[in-house]
Amino acid sequence: MLNIGCHLSTSKGFAHMGREASSIGANTFAFFTRNPRGGNAKAIDPDDALALREHLKANGFAPLVAHAPYTLNPCSDKPHAREFALQAMADDLVRMETFPGNLYNFHPGSHVGQGVEVGIELIAETLNEVLTPDQSTTVLLETMAGKGSEVGSRFEELAAIIGRVELSDHMGVCLDTCHVHDAGYDIVNDLDGVLEEFDSIIGLSRLKAIHVNDSKNPLGSHKDRHERIGQGTLGQEAFARIVRHPKLRDLPFILETPNELDGYAEEIRLLRELAEG
Ligand code: FE
Ligand code: FE
Ligand code: ZN
């Protein structure tokens, strides 16, 4: 069975997200660990957390894919911004242990003119400060579209970051289909070729989750505008190949398409259908 869900709001608590996921046919989901823009985190209610853990177990959920706020930039040129990213990630990793064994995804960051090498170095430094030997969470670098000075639009950059992390057993990658396509990887016409490239540069064993989004823009546009599944430049056939691919089909798939809950329920149904061929 395909493991699929979408991004959900934490506003009604953790247990509510579990029930909401189940109500739309999902068996995983994504959520922001804290306010995606401001960076504040609410205290975790232990009863609410317990209720979600029980729901996940009772319903056989796949690993959840938590998302760090967009505002974190571990490779900013401003020391206070780097320090904020470090503190927020360290705190998120403590909070993630409330739900052991899940995934925590973040955007590597933007080097803002310092150059990609400096960016890679600063991101790895941050990871070397926040990772702990006995954490149960795997931290994922998201593949980026390469807009502005984003680091992580090339597999080589992600591999270089992971290669500099001491506790790299706790590191993985989340492949965003819109982002890799916009970055110039042709997953529509050459999915196997792209996955071979990923394998030779990063290693497919690092691939832990898929953000499943269509794109509003052409291959290599470096734009990052998500579209609903089948309504963008990737198209439904590409997603059929993606969800059926033997190297991908057992991973958690997370939708981040422009949708409300009803639309997500429909996309989940569509992708489950495509997965079964
Ligand atoms: Fe993301
Ligand atoms: Fe994404
Ligand atoms: Zn995106």
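If you're wondering where the values come from, they're calculated on a predicted model, not measured in any experiment. Order of listing sets the numbers, starting from 1, for every ligand and every atom in it.
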Is the gap between the ring centers of [X] and [Y] under 6.0 Å?
{"X": "Tyr70", "Y": "Phe32", "result": "yes"}
{"X": "His211", "Y": "His226", "result": "no"}
{"X": "Phe14", "Y": "His55", "result": "no"}

Note to self: Show the nearest heavy-atom pair for residues Ile44 and Ala49, with the distance to one decimal.
What the structure shows: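 Minimum heavy-atom separation between Ile44 and Ala49: CG2-CB, 3.9 Å.
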Cut-off under 2.8 Å, centre the Fe ion (ligand 2), protein N/O/S atoms: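 Listed by chain and number: Glu142 OE2, Asp176 OD2, His211 ND1, Glu256 OE1.
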- request: Flag yes if more than 12 heavy atoms outside Glu237 fall under 6.0 Å of its CD atom; otherwise flag no.
  value: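 It does not: Glu237 CD has 12 such atoms or fewer within range.
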Distance-only criterion, 3.5 Å: show the donor-acceptor pairs between side-chain atoms of residues 227-236 and protein atoms not counting sequence neighbours.
residue	atom	partner	partner atom	Å
Glu227	OE2	Lys216	NZ	3.3
Arg228	NE	Pro258	O	2.8
Arg228	NE	Asn259	OD1	3.1
Arg228	NH2	Pro258	O	3.3
Thr233	OG1	Ser215	O	3.1
Thr233	OG1	Asn217	O	2.7

Review point. Asp91: what forms a salt bridge (Lys or Arg N to Asp or Glu O under 4.0 Å) with it, not counting sequence neighbours?
Key: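 Asp91 satisfies salt bridge (Lys or Arg N to Asp or Glu O under 4.0 Å) with Arg34 once adjacent residues are dropped.
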query: Quick one: do Arg269 and Glu266 make a salt bridge, cutoff under 4.0 Å?
result: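 So Arg269 does not pair with Glu266 through a salt bridge.
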| task | Decide, yes or no, whether a salt bridge links Asp182 with Lys223 under the criterion of side-chain N to carboxylate O below 4.0 Å. | result |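 A salt bridge is absent here (no side-chain N lies under 4.0 Å from a carboxylate O).
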Contacts of the Zn ion (ligand 3) with protein N/O/S atoms, counting only those under 2.8 Å
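Short answer, with waters excluded from the count: His179 NE2, Asp224 OD1, His226 NE2.
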